[in-house]
Peer 1: 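Sharing a structure with you now.
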Amino acid sequence: MGEVLRGCVLPDTFYPVENLCDYLDFGSQRSYRKGEAVLLPDEVLGKIIFVLSGRLKVSTITPDGREKFIYSAGQYCLMDRLFSFEEDHILIIAVEDSKVCFFTKEQLLMVFKQDEELIIDVLRNFASKVYYFLNQTNELNLYSPSARILRLLYELYKSKGKYKNNTWEINIYLPNKGISEITGLHFVTVSKIFGYLKRQKILKKTKTKIIIYDVERLKSLIDEGITY
DNA sequence: CCATTAAAGGTGC
DNA sequence: GCACCTTTAATGG
């Protein structure tokens, strides 16, 4: 009797392990100010990072020294830094004032002795993350840039869309910059695509929500492609 | 079709 | 007054 789960649409937190909050005494807590680095590139930590509040951003440093976004970690997200890989070039910074709790391998084992169910939660956190990036590689390989952004919007509609006076509303704070980072499109291109979708009266994006007027057009555009 | 660059317009602290 | 995001236009692969 397996359980069928819905995958994450956005690279954010993936699966919050809230129950780990009961065992914070086993780990060590620390606060970070906005902009402060939690993990520097190639730093060996040997601990699990558990986000208690705020938000961390995980990115890689490219060979030309630029930051490439990977995922965002909100409350109760678990980030594995128990193991270190050679030249990972991974940077974790607090994008808000944040509080985190670290667990070493020994501390984690003590927690698991108290609560075996948590092992499954941790596994599920890993599974969610792996599944997301599995899909992400397919997305990058199978679809054109503009199709990826349309598909993202369609997935958001399916998972978060609410029907409201003849339109579908997605309540979400998702700047163009973020969409650009997730889909791999240039931020200027993202802006142009939203301009097109608005002119075509397919959808409109505001600061806190995306309002879809024509779901069918959005869906069909994925295959047709966009002519600006 | 999309990235890049530059420049100007917005917003919020 | 500055940092950060968005838009628009131009150019080129």
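Chain identifiers are assigned alphabetically (A, B, ...) following the order of the sequence lines, protein sequences preceding nucleic acid strands; residue numbering begins at 1 within each chain.
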Peer 1: Rounded to the nearest Å, what distance is computed from the CD atom of residue A/Glu181 to the P atom of nucleotide C/dT6?
Peer 2: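 Atom CD in A/Glu181 sits about 10 Å away from atom P in C/dT6.
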
Peer 1: Does this structure show an ion pair linking A/Glu67 with A/Lys57, if we count only N-O contacts that are shorter than 4.0 Å?
Peer 2: yes

Peer 1: Just the rounded figure in Å: distance from C1' of B/dA3 to CD1 of A/Ile226.
Peer 2: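 That distance rounds to 16 Å.
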
Peer 1: Starting at atom CG of A/Asn176, determine the distance to atom P of B/dA3, rounded to an integer number of angstrom.
Peer 2: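 Taking CG of A/Asn176 and P of B/dA3, I get 14 Å after rounding.
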
Peer 1: Quick one: A/Phe187 CZ to C/dT6 C1', roughly how many Å, whole number?
Peer 2: 8 Å

Peer 1: Are there any protein N/O atoms within less than 3.5 Å of an N/O atom in nucleotides 9-13 of chain B, and if so, which ones and at what distance?
Peer 2:
none

Peer 1: For A/Glu224 and B/dC1, what is the distance between atoms CD and P respectively, to the nearest whole Å?
Peer 2: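 It is 12 Å, rounded to the nearest whole Å.
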
Peer 1: Between C/dT6 atom P and A/Leu174 atom CG, what is the distance in whole Å?
Peer 2: 9 Å

Peer 1: Among A/Leu52, A/Ile92, A/Leu56, whose side chain to side chain contact (heavy atoms under 4.5 Å, CB included) with A/Val100 holds?
Peer 2: A/Leu56

Peer 1: Could you state the NZ-P distance from A/Lys192 to C/dT7, rounded to the nearest angstrom?
Peer 2: 13 Å

Peer 1: Assess the side chains of A/Arg55 and A/Ser72: does a donor N or O sit below 3.5 Å from an acceptor N or O?
Peer 2: yes

Peer 1: Would you please classify the geometry between the A/Tyr71 ring and the A/Phe14 ring as parallel, tilted or perpendicular, with 30° and 60° separating the classes?
Peer 2: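 Because their plane-to-plane angle is over 60°, the rings of A/Phe14 and A/Tyr71 count as perpendicular.
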
Peer 1: May I have the distance from A/Arg148 (atom CZ) to B/dC2 (atom P), rounded to whole angstrom?
Peer 2: 9 Å

Peer 1: With DNA chain B as reference, determine whether A/Val188 or A/Gly225 sits nearer its 5' end, using the nearest nucleotide of each.
Peer 2: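 By nearest-heavy-atom nucleotide position, the 5'-most residue is A/Gly225.
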
